[in-house]
**Student:** 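Input: one structure, supplied below.
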Amino acid sequence: GWDLADGAGLHAPSGLLRLDNSPKPSYRTLKKLIKEDWATDVTLTTDANGQVILHGVRGAYEATADGGRADFVLSKDTHAIKIAM
């Protein structure tokens, strides 16, 4: 079977972790992409019309305001989303 550690798939050093489970550079790079580059964690302030513009990567989001919470998804076809809280 395939695993994150070396030696699992075809017994090759193809994993993201070494045999001792220490992270390889590829693991650190992938973690940075997922947790930093591709993550969107911002605080936005609405304009006079109660609107904000968010530029984010595709995926699921959670918006919170004044104790309310709403989930939404950005897809390649998303142009505008209306959320009422």
Side-chain angles (χ1 to χ4, degrees):
W2 296 96
D3 203 344
L4 290 176
D6 284 345
L10 304 174
H11 304 290
S14 58
L16 297 173
L17 304 172
R18 295 181 185 88
L19 288 174
D20 66 358
N21 285 326
S22 62
K24 293 167 69 172
S26 55
Y27 175 91
R28 288 187 191 94
T29 299
L30 184 58
K31 181 179 178 184
K32 182 184 179 302
L33 285 170
I34 293 170
K35 294 290 190 178
E36 296 174 25
D37 298 351
W38 296 338
T40 305
D41 185 7
V42 296
T43 300
L44 303 171
T45 302
T46 58
D47 63 15
N49 297 318
Q51 299 177 346
V52 296
I53 296 175
L54 167 68
H55 297 280
V57 297
R58 295 177 194 166
Y61 286 81
E62 174 185 277
T64 58
D66 298 328
R69 180 180 158 271
D71 297 321
F72 63 96
V73 175
L74 294 183
S75 69
K76 71 176 186 167
D77 299 320
T78 303
H79 298 289
I81 298 173
K82 183 175 183 175
I83 299 173
M85 288 191 213

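This is a predicted model, so every value here is computed, not measured.
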**Student:** To the nearest 0.5 angstrom, please state how far the NE2 atom of His55 sits from the CG atom of Leu74.
**Tutor:** 11.0 Å
**Student:** Does Asp47 reach the main-chain N or O of Asn49 with its side chain, forming a donor-acceptor pair under 3.5 Å?
**Tutor:**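 Side chain of Asp47 to backbone of Asn49: a pair is present.
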**Student:** Rounded to the nearest 0.5 Å, what separation is found between the OG1 atom of Thr40 and the CZ atom of Arg58?
**Tutor:** 13.0 Å
**Student:** How far does CD1 of Ile53 sit from OG1 of Thr46, to the nearest 0.5 angstrom?
**Tutor:** 12.5 Å
**Student:** OG1/Thr29 to CD1/Ile34 distance, rounded to the nearest 0.5 angstrom?
**Tutor:** 11.0 Å
**Student:** On a heavy-atom basis, which atom in Thr78 and which in Ser75 lie closest, and how many Å separate them?
**Tutor:** OG1-N, 2.7 Å
**Student:** So which atom in Leu17 and which in Tyr27 form the shortest heavy-atom distance, rounded to 0.1 Å?
**Tutor:** CD2-CD1, 3.8 Å
**Student:** To the closest 0.5 Å, what do you measure between CG (Asp71) and CZ (Arg69)?
**Tutor:** 4.0 Å
**Student:** On a heavy-atom basis, which atom in Ala63 and which in Ile83 lie closest, and how many Å separate them?
**Tutor:** CB-CD1, 4.4 Å
**Student:** Heavy-atom count around Asp41 CG within 6.0 Å, excluding the residue itself: above 12?
**Tutor:**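 Count not over threshold, so no.
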**Student:** Name all residues meeting the side chain to side chain contact (heavy atoms under 4.5 Å, CB included) criterion together with Leu44; count only those two or more places apart in sequence or in a different chain, and write none if there are none.
**Tutor:**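 Only Val42, Val52, Leu54 meet the side chain to side chain contact (heavy atoms under 4.5 Å, CB included) criterion with Leu44.
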**Student:** Would you say Asp66 has more than 12 foreign heavy atoms packed within less than 6.0 Å of its CG?
**Tutor:**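 Counting other residues, nucleotides and ligands, CG of Asp66 stays at 12 neighbours or fewer.
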**Student:** Between Gly15 and Ser26, which heavy-atom pair has the shortest distance, and what is it?
**Tutor:**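 Looking at all heavy atoms of both residues, the shortest contact is O-OG, 4.1 Å.
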**Student:** With rounding to the nearest 0.5 angstrom, report the CG to CH2 distance, Leu30 to Trp38.
**Tutor:**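 The CH2 atom of Trp38 is 6.5 Å from CG of Leu30, to the nearest 0.5 Å.
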